[in-house]
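Below, chains carry the letters A, B, ... as their sequence lines are ordered, and counting in each starts from 1.
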2 protein chains.
Amino acid sequence: MATNKAGTSQDNVFHKTRRDHSNEIAEDYVEAIAQLHSEDGACRVTRLARRLGVSHVTANRTVARLVSRGLVTTSPYQPIELTDSGRRLARTAKARHEIVIDFLISIGVPAEIATADSEGIEHHCSPETLKAMKHFSNTRNH
Amino acid sequence: MATNKAGTSQDNVFHKTRRDHSNEIAEDYVEAIAQLHSEDGACRVTRLARRLGVSHVTANRTVARLVSRGLVTTSPYQPIELTDSGRRLARTAKARHEIVIDFLISIGVPAEIATADSEGIEHHCSPETLKAMKHFSNTRNH
DNA sequence: CATCATATGTAGCCATGGCTACATGTCAAC
DNA sequence: GTTGACATGTAGCCATGGCTACATATGATG
Ligand SMILES: [Mn+2]
Ligand SMILES: [Mn+2]
Ligand SMILES: [Mn+2]
Ligand SMILES: [Mn+2]
């Protein structure tokens, strides 16, 4: 139905990319928050800001948006906590990120460059693409 | 020097992704403008807007930004023209885009999904990653 | 040459995601 | 208990990239 050939669901391929971008910040933030919990036992906003390369103001305001999306909880001057939903998102984002990095390395991209490129690429990989990547890495690395 | 391990040049890997995103619109626009020139002999703003899945207002304003970047020229009620610089960017963006699509297809991603995912992925692929993709597609497709 | 559909342009709204400058809170060390 | 360093929060700025509603231009058709 409709004059639409692009796969996803709505419309134009560019819409899919824009949708990816609107989820990107949430994914990167919860992944970083989970990392800091592992590394430091807690996630303070200043550390989070440094990790993401933004000012603490930006981090603070973005975290407030994540609260309204139900991904994290905060209380004044306290560390940032993930909700169940946030933890789940962090887990899947991390898994996806690792698939992409490993894949890039397995096709011969130097590790540092794979790390850098994967940070953007990860958000645009549909399940089918991830499946192809995973399959390739596995058969390549025995 | 510095406490920096990430590849590109500045700082944090997230900075690289943000830089990619700030070039993305320009790349997609000039590529689409060049396509419409091929297909229709000229690029009218309304067709461009439809192609990109945005309102004509958004297209118009974005084109104005491209003018100030020296990528296109406009005059009122006339078709949009690419500058030499714009044509060059369109050419490299198109070539890069094709490398990414062909590569995704060659690892087994269905064509429609490869088309959709590549629209975002293309902007995050450094020269090294493109080289690895090109090499892989070539050796795989004989 | 008047009319009208369509294209183009403009005004003004919104959310996001950056920032600096400043204000306030917290906590450890003296 | 004060003090001072550092963390956190707030006010308010900016650019980008979306939009709707409305105004005007253009060009084909009667
Ligand atoms: Mn990322
Ligand atoms: Mn992207
Ligand atoms: Mn493209
Ligand atoms: Mn694109």
Set of side-chain hydrogen bond (donor to acceptor under 3.5 Å, both in side chains) partners for B:Gln35, sequence neighbours left out: B:Arg51
A:Lys131: side chain to side chain contact (heavy atoms under 4.5 Å, CB included) partners, not counting sequence neighbours: none
With B:Asp40, which residues qualify under side-chain hydrogen bond (donor to acceptor under 3.5 Å, both in side chains), at least two apart? B:Arg47
Under 3.5 Å donor-acceptor, B:Thr58 side chain and B:Val54 backbone: no
Kindly state each residue pair satisfying salt bridge (charged side-chain N to carboxylate O under 4.0 Å, His left out) with at least one member in residues 59-72 of chain A, sequence neighbours excluded. none
Strictly below 4.0 Å, heavy-atom distances to any atom of DNA chain C: list the hits from residues 23-37 of chain A, or just say none. A:Ile25
Using side-chain hydrogen bond (donor to acceptor under 3.5 Å, both in side chains) as the criterion, list what pairs up with A:Ser118, not counting sequence neighbours. A:His97
Rounding to a whole Å, what distance do you find between B:Ile80:CD1 and C:dA7:P? 14 Å
Going by the rule salt bridge (Lys or Arg N to Asp or Glu O under 4.0 Å), which residues pair with A:Asp20 if we only count those two or more places apart in sequence or in a different chain? A:Lys16
Go along nucleotides 2-15 of chain D 5' to 3' and tag each nucleotide: B for a protein heavy atom under 4.0 Å from its base, S when only backbone or sugar atoms are that close, - otherwise. -----SBBBB----
Sequence neighbours excluded, which residues qualify as salt bridge (Lys or Arg N to Asp or Glu O under 4.0 Å) partners of A:Glu122? A:Arg96
Could you work out the complete set of other residues in the hydrophobic cluster of B:Ile101, with links drawn between I, L, V, M, F, W and Y side chains under 4.5 Å apart? B:Ile105
Determine: side-chain N/O of A:Thr58 to OP1/OP2 of C:dG18, distance under 4.0 Å, yes or no. no
Counterpart residues, side chain to side chain contact (heavy atoms under 4.5 Å, CB included), relative to B:Ser126 (two or more places apart): A:Ile113, A:Asp117, B:Glu128, B:Thr129
Estimate the overall bend of the helix from C:dC1-D:dG30 to C:dC30-D:dG1 from the end axes over five pairs each, rounded to 10 degrees. 10°
What is the distance, rounded to the nearest whole Å, between atom CG of B:Asp40 and atom P of C:dA7? 12 Å
